[in-house]
2 protein chains.
Amino acid sequence: MSTIRDVAKLAGVGIGTVSRVLSGNGAVSSKTLLKVNQAMGALNFTPSRAARSLVSKKMNTIGIWGTETSGEINRRTLREMEAELKEFEIHLIFADGELNSSKYPNASRQSFDKLINKGCDGIIIWGSDLPALEILQIENEFPNITLLNNKIELIDDKCFYFDHYQAGYVCGQHLIDKGHSNIACITGWLETDDGNQRHQGFLCALNDNNTNIPEELIFEGDYTYRKGYEGALSLLKQDKPFTALFCGNDQSAMSAIAAITNKGLEVPNDISVMGYDDMNIARYTSPPLTTVRIPFNRMAISATRRLLNLCYNLELNIEYDFPIQLIERLSVKKLYVP
Amino acid sequence: MSTIRDVAKLAGVGIGTVSRVLSGNGAVSSKTLLKVNQAMGALNFTPSRAARSLVSKKMNTIGIWGTETSGEINRRTLREMEAELKEFEIHLIFADGELNSSKYPNASRQSFDKLINKGCDGIIIWGSDLPALEILQIENEFPNITLLNNKIELIDDKCFYFDHYQAGYVCGQHLIDKGHSNIACITGWLETDDGNQRHQGFLCALNDNNTNIPEELIFEGDYTYRKGYEGALSLLKQDKPFTALFCGNDQSAMSAIAAITNKGLEVPNDISVMGYDDMNIARYTSPPLTTVRIPFNRMAISATRRLLNLCYNLELNIEYDFPIQLIERLSVKKLYVP
DNA sequence: ATTACTATTGGAACCGGTTCCATTTTATGT
DNA sequence: ACATAAAATGGAACCGGTTCCAATAGTAAT
């Protein structure tokens, strides 16, 4: 609990000098530097975050806002962000994601206001829970934000997103390339932008290959295990047979596989299944899951760094381009086409 | 950005009065109360966390330390803790769990010191990564800690753990009750206390029923999908046939099922598999997973509340007893015993 | 009306840093 | 050696709250 004044007294210098040593800014002679460092060591001195924040008007804390902070992928990502911030002694806090803006129209603004005012220096908005207009308003009065997995043209330099449209296209094309023409799908959550994009990209790939997918074989999911399971059962009940199923994420793909298997059918012999995300478990399912890998960590790191640059006038490196990767395993089978 | 002095000026009162209104402590006449509240509203005043922390010497932040902050179960739990803390406007931060004390002998102490000194008012130590002795030392100079999923006799009132021994016993007994006598297992991570306990409890149940499990049918896992998969393959390669497999957690159970299925065997007809944790996905696997549910959320909430009580002199309700729940699904089959 | 006591109120001092300026010390040039 | 510029240093003032005490207003009792 020693203060800068204790250090100054022990070292026989003024408090300004100690402060200079701490920040490394002003000029300090090597002799005094040594004295001060010794004193700090002897007193086990650590500067008070609170006092620093009070004068610097920086909380050295950034917040994350959004409901997408669940899911295995996202947790892995949070870890990476933590690591990135630790170096700068910045804290990461969550800004409750339960407040869904559609359910509580004003809740999001309120929780933002709280954060913005005194809680943290910047916010990473994860996902597209908030309407673009609202985000733009927020950005206007509070420019220290960064978007992760969301895209708004007007503030493109603060957006770190992935081309889900293209990835969806790759998935569709892959199933076509494997000889499938009767294809079903369980979409992601279509109320989110990325869920929509990957679905559109997927449909476009089919269309470009003169394959069309009947309405009955499109099941609207929401990324959960539950909808994956129910979706597969529902699709199987339709009259239209299909040989391949594209799912909006790995979770629904996994439970869809379970449903198919429980119905006595075999993956991939009867039905090929393709996922999206490449979760850890994807390689340990039965059969191992063909999926597409999103470089989520790199996106998150860049979003974090951009925010650090904004908040603390740093110039950390950032990337905006995130290539996808098709991961072929065994859940998609090549159809023999006569 | 308005301060308490701005509010005082606008309301025509002294700063002390505003402070009294803020804290709700001192006596304030209803007239002034109204004036001050109006002024605060007009200025959109929010008190500065930094200034408050500086004088109160509380950071209004608590930390989580431990490698166990991964895994679906744990993430769900973190959410609950967040919610609990939000009410008190306390922030939750992570104290890097990568620093494994065995890998970096001093790293844990160092990162603790940092946190303790100025970072946060209390710490929840999650899991048993740190040796008990070290925890006791820490507790000695820094009493604001709480243990989650770890037990140390001397500070039992700060420990919130689950009786994994008993749960392991229940699992063993369940397999026995279902008529199995040739049982294999893929353990959890035996270097952790809870992994060990559930294994011992499991063995004890078998032993109490005059069933013994040969060395070759015990595969030492580590909770990962990978070890579950490899473990199942390795066990199948042994010469000893078995009809049931107990896994240290759901993740390894799931990948074990995948391995068994990939080898052309059927769960539960050829081999019954039992998990441990009851992850979300457990009911959507094929077959749905028989497992045991740990009331982790409730444990975490109590650990959090206990810490709040310690740090901020509150008296929130706490519970210490956490019953388990056997969740029977379809991955364990009743054997016909002649 | 006066006294005695209680309820309100204002604001100085403080928490532990940073900033900035006046002052002192040291270095450089002639 | 002396003038002068440059480097190093000390500490007051400040950030925005809380705490505490002296001062003032209000109330009841005599």
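This one's a predicted model, so the numbers in the text were calculated from it and none came from an experiment.
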Can you check nucleotides 18-24 of chain D for protein contacts, nitrogen or oxygen pairs under 3.5 Å, and list what you find?
residue : atom : partner : partner atom : Å
D/dT18  : OP1  : B/R52   : NE           : 3.1
D/dT18  : OP1  : B/R52   : NH2          : 3.4
D/dT18  : OP2  : B/S19   : OG           : 2.9

Touch class at under 4.0 angstrom, heavy-atom based, for B/S53 against every strand present: nothing

Mind checking ring-ring contact (aromatic ring centres under 6.0 Å, His included) for A/F160 and listing every partner two or more places apart, or none if nothing turns up? A/Y320

Listed partners of B/F162 passing ring-ring contact (aromatic ring centres under 6.0 Å, His included), at least two apart: B/H164

Just to be sure I understand the geometry, which residues of residues 33-41 of chain B put a non-hydrogen atom under 4.0 Å away from DNA chain C? none

With sequence neighbours left out, the residues meeting salt bridge (Lys or Arg N to Asp or Glu O under 4.0 Å) with A/D157 are A/R306

Bend of the helix from C/dA1-D/dT30 to C/dT30-D/dA1 from end-axis comparison, five pairs per end, nearest 10°, comes to 40°

Any side-chain heavy atom of A/N309 sitting closer than 4.5 Å to one from A/I318? yes

Going by side chain to side chain donor-acceptor pair (under 3.5 Å), name the residues that satisfy it together with [X], two or more places apart in sequence or in a different chain.
{"X": "A/D156", "answer": "A/Y161"}
{"X": "B/R305", "answer": "B/E84"}
{"X": "A/K158", "answer": "A/E139"}
{"X": "B/R52", "answer": "none"}

Quick test of your reading: applying side chain to side chain donor-acceptor pair (under 3.5 Å), list the pairs with at least one residue in residues 20-30 of chain A, sequence neighbours left out, ordered by first then second residue. A/S29-A/T32

For residues 309-319 of chain B, pull every pair meeting salt bridge (charged side-chain N to carboxylate O under 4.0 Å, His left out), keeping only residues two or more places apart or in separate chains. B/R298-B/E319

Given D/dT9, is OP1 or OP2 found less than 4.0 Å from the side-chain N or O atoms of A/S29? yes

On DNA chain C, check which nucleotide each of B/L54 and B/V13 is closest to and give me the residue with the more 5' one. B/V13

Candidate nucleotides C/dG17, D/dG16, D/dA8, ranked by approach to the side chain of B/S48 - the nearest: D/dG16

